[in-house]
Amino acid sequence: VQLQASGGGLVQAGGSLRLSCAASGRTFSSYAVGWFRQAPGKEREFVAVVGRSGRITSYADSVKGRFTISRDNAKNTVFLQMNSLRPEDTAVYYCASTSGYHFTREGYDYWGQGTLVTVSS
């Protein structure tokens, strides 16, 4: 599986961004996809995950109600809509694939290269 994350950038607090994760190399609907983020000097942390069909989603408490994960299996793409962004959301965001449904990085097999999100106050 190859994953390509995009859509990061600089945004003011309260603003929105939509990240995309384009996948290739294996039947897209056969695996779940998660988003993680890593801020400078911190561990990589779970953000959200979407199941194979897109019907099941889960979120970290820190983003619940502000972020929405979705997928378009016809386009082999997963999205992360981020609203009401805060300076503490600043991080490199990574998408990753898993054959299960996991909330920790150890459960993920393939990772994209990351896209930087910077939220200014």
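None of the values given here were measured: they were computed from a predicted structure.
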Do side-chain atoms of [X] reach the backbone of [Y] as a donor and acceptor pair under 3.5 angstrom?
X	Y	value
Y94	G34	no
Q113	A5	yes
R66	S84	yes
R71	F28	yes
S62	A60	no

Return the [atom1] to [atom2] distance between [X] and [Y], rounded to the nearest 0.5 Å.
X	Y	atom1	atom2	answer
R105	E45	CZ	CD	11.5 Å
S97	R52	OG	CZ	11.0 Å
F79	C95	CZ	SG	11.5 Å
S99	Y108	OG	OH	10.5 Å
Q81	I69	CD	CD1	12.0 Å
L3	Y31	CG	OH	6.0 Å

Between F46 and F103, ring centroids under 6.0 Å: yes
Check against side chain to side chain contact (heavy atoms under 4.5 Å, CB included), T77 and Q4: CA-CA 9 Å; T77 304; Q4 180 81 28; over 6 Å; no
Given side chains that start at C-beta, do those of [X] and [Y] come closer than 4.5 Å, heavy atoms only?
X	Y	answer
L19	T115	yes
V47	Y59	no
L80	M82	yes

Check the side chains of T98 and Y110 for a donor-acceptor pair under 3.5 angstrom, ignoring hydrogens and angles. no
Assess, by modelled atom type and distance only, whether the side chains of S29 and N73 contain a donor and an acceptor separated by less than 3.5 Å. no
Would you check, one step at a time, whether the test side chain to side chain contact (heavy atoms under 4.5 Å, CB included) holds for V49 with T57? CA-CA 6 Å; V49 58; T57 59; over 6 Å; no
Single-linkage hydrophobic cluster [X]~[Y], side-chain heavy atoms < 4.5 angstrom:
X	Y	result
V11	Y93	yes
W111	V117	no
I56	F36	yes

Least distance between heavy atoms, S16 atom then N83 atom: OG-OD1, 2.9 Å
What closest approach, in Å, do A91 and A39 show between heavy atoms, and which atom pair accounts for it? CB-N, 3.8 Å
Carboxylate-amine/guanidinium contact D89 R86, below 4.0 Å: no
For K64, does the NZ atom have more than 12 heavy-atom neighbours from other residues, nucleotides or ligands under 6.0 Å away? yes
Would V50 and V78 count as a side chain to side chain contact (heavy atoms under 4.5 Å, CB included) here? Give the steps. CA-CA 8 Å; V50 60; V78 170; 4.1 Å; yes
